[in-house]
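The first residue in the sequence is number 1, and the count goes up from there. Start at 1 and go down the list; that is how both ligands and their atoms are numbered. Since this is a predicted model, take the numbers as computed values, not measurements. What you see below is based on every heavy atom in this structure, not just the backbone, and it leaves out hydrogens, waters and symmetry mates.
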Amino acid sequence: SKKPVRVAVTGAAGQIGYALLFRIASGEMLGKDQPVILQLLELPIEKAQEALRGVMMELEDCAFPLLAGMEAHSDPMTAFKDTDYALLVGARPRGPGMERADLLAANAQIFTAQGKALNAVASRDVKVLVVGNPANTNAYIAMKSAPDLKPGNFTAMLRLDHNRAASQIAAKTGKPVSAIKKLAVWGNHSPTMYADYRFATIDGASVKETINDQVWNQDVFLPTVGKRGAAIIAARGVSSAASAANAAIDHMRDWALGTNGEWVTMGVPSNGEYGIPKDVMFGFPVTCANGEYKIVEGLPIDEFSQACIDKTLAELIGERDGVQHLL
Ligand code: NDP
């Protein structure tokens, strides 16, 4: 049987954590033959640590055959020790009266500390996924705080946007989501993201030609995907958590186990692809094989798409410039 791998999760007692940990422990992320050791990080305050103990009791009570060990931590320097995977879920939410700059600064503090800790103690091949918002910029901060790790070890979650887009297309065309290939989401995990089905196929046919409705694309599809998080808060009274956790599982599973040539969307540091400045943490279509992702290159970008990409890029550059002095 396989040697256990170490999976660190921050914000482990939060909502997304609650929808995430049980699926990691049951083998849905890394495979039904891969034992895992969970290294769980929560804030060093009694309330958070107490809640974490409760979640760990429930994990124990599931008696998962693949759960080879479990640890509670309040310090990233111990939580990330030798970790092979790190899911950074915990982040500072926007509080009442909090300005955007305050939010960026509070998160910059969390993600510089976590980047430094990963740099110091994690596996040199650690795969890092940032879920906590602003996810792309938090991932950028962690990456910049970890100079001894490869930039490509750091990624941000765009998969929820990708999955939302796939479901909207499936509903519109009356076909199953599994029939949709070659979908891409560009940019920031925010309402400015650009979900792009120009290259997508459904049962082999062009999605763009099947839908053939640019007004639907601009006035229905893009706003629906972009504002989906707000729609769920309005309906449920609390933010989406299970779908975010599901996207995190999809992202890590595909990165670790491969996509068999199919496209998925990941937020990854640019190497200049599509004119995105180097190191900007940007949603791109990628394929994964042998534990590595590869950006799909050479796609034609038309005028409308370029304008969408420019808009989401401008937002990301604004966020980056807002935290640069804190790095
Ligand atoms: P959630 O588990 O609901 O959310 C955690 C983070 O994920 C938030 O930043 C949230 O962003 C983000 N997120 C990304 N995509 C989505 C999505 N589609 N829907 C909802 N959220 C999304 O938050 P909780 O408050 O329940 O839990 C956070 C936990 O993290 C707390 O237990 C807290 O103690 C802990 N924490 C731990 C830290 C650490 O380990 N060092 C640091 C800070 C917090 P958004 O705010 O935009 O919804």
**Asked** Linking Ile, Leu, Val, Met, Phe, Trp and Tyr through side-chain heavy atoms less than 4.5 Å apart, which residues share a cluster with Leu43?
**Response** Ile45

**Amino acids contacting ligand 1, non-hydrogen cut-off under 4.0 Å** = Thr10, Gly11, Ala13, Gly14, Gln15, Ile16, Leu41, Glu42, Leu43, Val89, Gly90, Ala91, Ile110, Gln114, Val131, Gly132, Asn133, Leu160, Arg164, His189, Ser239, Ser240, Ala244

Any carboxylate oxygen within less than 4.0 angstrom of a Lys/Arg side-chain nitrogen, looking at [X] and [Y]?
X      : Y      : value
Glu60  : Arg53  : no
Arg6   : Asp82  : no
Asp254 : Arg159 : yes

**Request:** Verify the ring-centre separation between Tyr197 and Phe221: is it less than 6.0 angstrom?
**Result:** yes

**Message:** Are there over 12 heavy-atom neighbours, none belonging to Glu292, within less than 6.0 Å of that residue's CD?
**Reply:** no

